Amino acid sequence: MSEFSTTMSPPSSTAGVELFYQKGSTWTQVFGVQSIPKIITPRESQTYSTLESFSEFAIKGTRKFESIEIECVILPEQLFELNTDANAKDIYEFAVAFPPSFKTKGATGLTAITWSGSLDVSPGELGLDDMIKATLTLGKSTTPTLSSTFTSTRSINNKNSVDSKTENSTL
């Protein structure tokens, strides 16, 4: 038995995973993300039985609507920008871009999970000797999809640097 596959890429670390949302044609990165919960949830099974059988059977049912809660270490400027966008009550496109090391052979972009949904932001719990955090609640208006061709022009809004810059890149 082989210890590893010679035809597949090695596993990747979560370092470098990025969260974006799209306003108009601009992708804005959300900085300070500490973890991202499961985005694509499985469908719940529906079970049935028949009079002639002693067994129960299952078929794929529907996916439950679940919003996604993401905790972030938040920058003051980013909190106000996210809050303004959340209050606009718009539907945004979201993308969780995997790091370049997760790129599949022959892919034209990086792997990403994308979906449309609502945005809500609330300051997080404040604790002694802790960072100021916020919780982003992302709704789902479409079923999240996995793609290896995700590309965009993204806006890098790093408020810790002297200038903000826009760069073309492949996610």
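Note that the structure is predicted; figures quoted are calculated from it, not measured. In what follows, every heavy atom counts, from backbone to side chain, and hydrogens, waters and symmetry copies are set aside. Sequential numbering from 1 along the given sequence is applied to the chain's residues.
- For the atom pair OG1 of Thr41 and NZ of Lys140, the computed distance is 4.0 Å after rounding to the nearest 0.5 Å.
- Atom-to-atom distance recorded for Glu69:CD and Ser122:OG is 7.5 Å, nearest 0.5 angstrom.
- Across all their heavy atoms, Cys72 and Phe31 have their closest contact at CB-O, 4.2 Å.
- A pairwise comparison of heavy atoms in Ser45 and Ala58 identifies CB-CB, 4.2 Å as the closest pair.
- Considering only heavy atoms from C-beta on, Glu71 stays 4.5 Å or farther from Val33 through its side chain.
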Please tabulate, for side-chain N and O atoms in residues 128-138, each donor-acceptor pair with protein atoms closer than 3.5 Å (sequence neighbours left out).
none

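- Linking ILVMFWY side-chain heavy atoms closer than 4.5 Å, directly or via other members, places Ile91 and Trp115 in two distinct hydrophobic clusters.
- Here CG of Asp85 is found 8.0 Å from CG of Asp90. Values are rounded to the nearest 0.5 Å.
- The shortest side-chain heavy-atom distance between Glu56 and Tyr48 does not fall under the 4.5 Å cut-off.
- At least one side-chain heavy atom of Gln78 sits less than 4.5 Å from a side-chain heavy atom of Val30.
- Using a 4.5 Å heavy-atom cutoff, the side chains of Phe20 and Glu18 are in contact.
- How far OG1 of Thr145 is from CD1 of Ile113: 9.0 Å, rounded to the nearest 0.5 Å.
- Between Ser67 and Gly139 the shortest heavy-atom distance is CB-CA, 4.3 Å.
- A 4.5 Å side-chain heavy-atom check between Leu119 and Tyr21 finds at least one atom pair inside the cut-off.
- A salt bridge does not link Glu93 with Lys23: none of the charged nitrogens is closer than 4.0 Å to a carboxylate oxygen.
- Residue Glu125 qualifies as open at atom CD: its count of foreign heavy atoms under 6.0 Å is 12 or below.
- Formation of a donor-acceptor pair under 3.5 Å by the Asn83 side chain with backbone atoms of Leu79 is not found in this model.
- Rounding to the nearest 0.5 Å places CZ of Phe94 at 7.0 Å from OG of Ser118.
- Pairing each heavy atom of Pro37 with each of Ile68, the nearest pair is CG-CG2, 3.4 Å.
- Side-chain contact between Gln34 and Val73 is present, with heavy atoms from C-beta onward closer than 4.5 Å.
- When the shell of 6.0 Å around CZ of Phe57 is examined, it contains more than 12 heavy atoms from other residues, nucleotides or ligands.
- Leu82 is listed as a side-chain neighbour of Ile74, based on a closest heavy-atom distance under 4.5 Å.
- Interatomic distance, OH of Tyr92 versus OG of Ser141, reported as 12.0 Å (0.5 Å rounding).
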